Number of protein chains: 2
Amino acid sequence: MAAAKPKFLPLYQQVKASLIKRISAGEWPPGTFLPSETALAEKYGVSQGTLRKALIELTNERCLVRYQGKGTAVATFESDQALFRFLRIRRKDGKKVQPVSLAVSARADAATPEESKELRIANGKRVYRMERIRLIDGRAVVNEVITLPLELFPGFDSIGPSNLPNTLYDLYQKSYGVIVALVEERLDAVAADAADAKRLKVPLGYPLLRILRLAFDLKGTVVELRDSRCVTDSLEYSNEIR
Amino acid sequence: MAAAKPKFLPLYQQVKASLIKRISAGEWPPGTFLPSETALAEKYGVSQGTLRKALIELTNERCLVRYQGKGTAVATFESDQALFRFLRIRRKDGKKVQPVSLAVSARADAATPEESKELRIANGKRVYRMERIRLIDGRAVVNEVITLPLELFPGFDSIGPSNLPNTLYDLYQKSYGVIVALVEERLDAVAADAADAKRLKVPLGYPLLRILRLAFDLKGTVVELRDSRCVTDSLEYSNEIR
DNA sequence: AAGTGGTCTAGACCACCTT
DNA sequence: AGGTGGTCTAGACCACTTT
């Protein structure tokens with residue numbers, strides 16, 4: 001292309017940024033296919049190789065899925081791979097687990113100072129707060145509080161506590177167009193408090209693995225705060241660092 | 001119908017495998033530069049683009065570092081970025097820490113059944129076992145046991161316990177050509193035992209974050225087992241999932 | 001000015017999926 | 001057979017580092 005640009009940003013980065021914007025805007029809903037490489041490349045006025053580079057980066061970032069012979073689709077949270085993408089809890093023998101969730105409470109409320117800070121919203125803004133227990137093999141092993149900024153999830157409080165699905169990220173994406181692209185987790189060891197002891201049926205002071213999670217969308221906005229306290233008798237948190 | 005799958009390995013993957021082999025063999029020691037893309041491409045009889053694809057993958061896997069205008073070098077563990085690559089422990093305010101190590105004991109021994117299993121070596125093979133404490137801000141916060149298969153580190157037992165450097169991976173690489181390319185960590189919460197209590201100056205039963213780490217080299221061989229038990233009063237384990 | 005990696009192009013062919 | 005993404009090539013030009 002002959003457009004003289006004072007920009008330093010490589011062409012494929014510009015294309016990538018544009019694609020992120022269009023995907024975020026819902027131009028291609030989750031699970032649907034983008035136009036082919038050749039078609040997109042022509043629309044953008046770049047070569048197929050340049051466009052491909054943008055698509056490959058978005059694929060590496062789990063935003064797209066490419067199928068040889070079929071096309072390129074916007075990623076969903078439905079596939080098995082995606083389901084376990086953010087779930088680092090495993091059995092100590094290495095086997096994967098699919099926890100069952102049990103809602104304890106769920107309601108809209110004003111954000112606590114800590115929630116405001118973590119979610120990066122103004123103090124006292126309205127949030128939706130869910131408490132739930134997660135069971136593995138019928139035993140309560142996770143005591144969890146999930147907080148959402150209501151601004152990003154209008155009408156979320158009209159969903160009854162008992163109607164919440166097991167996999168929330170799929171709901172966020174399908175109903176609100178909120179795509180969780182990155183989570184940040186901070187772990188430490190804590191002693192079980194009275195609520196933990198009651199809900200998880202462990203003695204007071206029992207060592208729990210605490211996981212504080214922040215979820216970010218494609219543009220880097222914080223979309224969820226999650227505080228999980230886990231009994232790790234038969235479970236462990238598994239991580240790979242390359 | 002047992003359809004024999006015709007193995008099709010792309011050219012750039014073959015080149016990549018060959019480069020891994022040559023780097024592992026020490027043909028280009030850590031920190032030194034490889035021949036230029038054009039030179040390597042000609043030697044392999046492939047196009048520059050194909051060779052570049054191999055180099056870029058190795059760069060993504062932190063095995064190489066590419067400098068525009070200068071060349072491509074074998075990565076080391078010296079840079080600040082590399083130093084913190086496997087260190088996920090941070091202060092709770094997010095600040096990085098550089099722990100100081102204090103050797104408690106270090107000696108060769110026969111592998112315990114658990115060590116054999118984790119290191120994937122025959123039962124009773126000789127290992128080198130190091131116990132150490134790690135201090136942050138002068139306070140003992142990590143109680144750690146590190147086990148190495150002596151076969152991979154001949155003569156390691158001749159290093160005195162007090163001569164061990166703070167950053168072991170740099171030593172592995174420089175003295176034994178062992179490049180740690182990937183670590184796998186499994187975390188849980190445990191209660192402090194008598195040894196923990198004494199060394200970390202916490203009450204018996206105090207909640208500790210336990211990190212079991214396996215380190216792998218470029219070819220996927222287990223090269224180190226590390227069992228760390230951490231006081232997380234002012235520290236946390238930080239992780240990002242994409 | 002020369003050499004390196006980084007971007008971009010255009011075209012060929014291969015592997016895979018669908019019709 | 002036709003379309004899709006995956007690999008491979010050859011060449012051009014740009015950005016950066018060194019001489």
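All figures in this text were calculated on a predicted structure; none of them were measured in a lab. Below, chains carry the letters A, B, ... as their sequence lines are ordered, and counting in each starts from 1.
Nucleotide D:dT4 holds its C1' atom 13 Å from the CG atom of A:L34, rounded to whole Å. We find that CD of B:E42 is positioned 12 Å from P of C:dT4, with the value rounded to whole Å. One interatomic measurement links the two molecules: OH of A:Y44 to C1' of C:dC8, which rounds to 17 Å at whole-angstrom precision. Rounded to an integer number of Å, the gap from A:I56 CD1 to C:dG6 P is 16 Å. Protein atom CG of A:L55 is 13 Å distant from nucleotide atom C1' of D:dG6, rounded to whole Å. If you measure from atom CZ of A:F33 to atom C1' of C:dC17, you get 10 Å, rounded to the nearest angstrom. With rounding to whole Å, A:L64 atom CG is found 15 Å from D:dT4 atom C1'. Residue A:Q14 contributes atom CD, which lies 12 Å from atom C1' of C:dT7 at whole-angstrom precision.
Note: B:Y172 and B:F153 have tilted aromatic rings, judged against thresholds of 30 and 60 degrees for the angle between ring planes.
Taking 4.0 angstrom as the limit, B:T38 places none of its side-chain polar atoms (N or O) nearer than this to OP1 or OP2 of C:dG3. The shortest distance between the side-chain N/O atoms of A:K70 and the OP1/OP2 oxygens of D:dG3 is not below 4.0 Å. Distances shown here put every side-chain N or O of B:Y67 at or beyond 4.0 Å from the OP1 or OP2 atom of C:dT4. Within the structure, a side-chain polar atom (N or O) of A:S36 is placed less than 4.0 Å from OP1 or OP2 of D:dT4. For B:R66 and C:dG6, the shortest distance from a side-chain N or O to OP1 or OP2 is below 4.0 Å.
The closest side-chain donor-acceptor pair between B:R186 and A:S238, if any, does not fall under 3.5 angstrom. Between B:Y44 and B:Q14, the side chains place no donor N or O within less than 3.5 Å of an acceptor N or O (distance only, hydrogens not considered).
Of the two residues contacting DNA chain C, namely A:Q68 and A:K53, the nearest-nucleotide position lying further toward the 5' end is that of A:K53.
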task = For the pair A:R88 and B:E185, evaluate salt bridge (charged side-chain N to carboxylate O under 4.0 Å, His left out) and give the outcome as yes or no after the intermediate values.
result = CA-CA 11 Å; A:R88 297 301 178 136; B:E185 297 193 317; over 6 Å; no
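A salt bridge is defined here as a Lys NZ or Arg NE, NH1 or NH2 lying under 4.0 Å from an Asp or Glu carboxylate O, and B:E236 with B:K92 fails to meet this definition. Ion pairing of B:R66 with B:E37 is present here, as a side-chain N (NZ or NE/NH1/NH2) and a carboxylate O approach within less than 4.0 Å.
Here the side chain of A:T72 is nearest to one of D:dC16, D:dC8, D:dG5, namely D:dG5.
Of all heavy-atom pairs spanning A:A106 and A:Y128, the tightest one is CB-OH, 3.4 Å.
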Pairs under 3.5 angstrom, nitrogen or oxygen only, protein versus nucleotides 9-12 of chain D, please.
from	atom 1	to	atom 2	distance (Å)
D:dT9	OP2	B:S47	N	2.8
D:dT9	OP2	B:S47	OG	2.8
D:dT9	OP2	B:T50	OG1	2.5

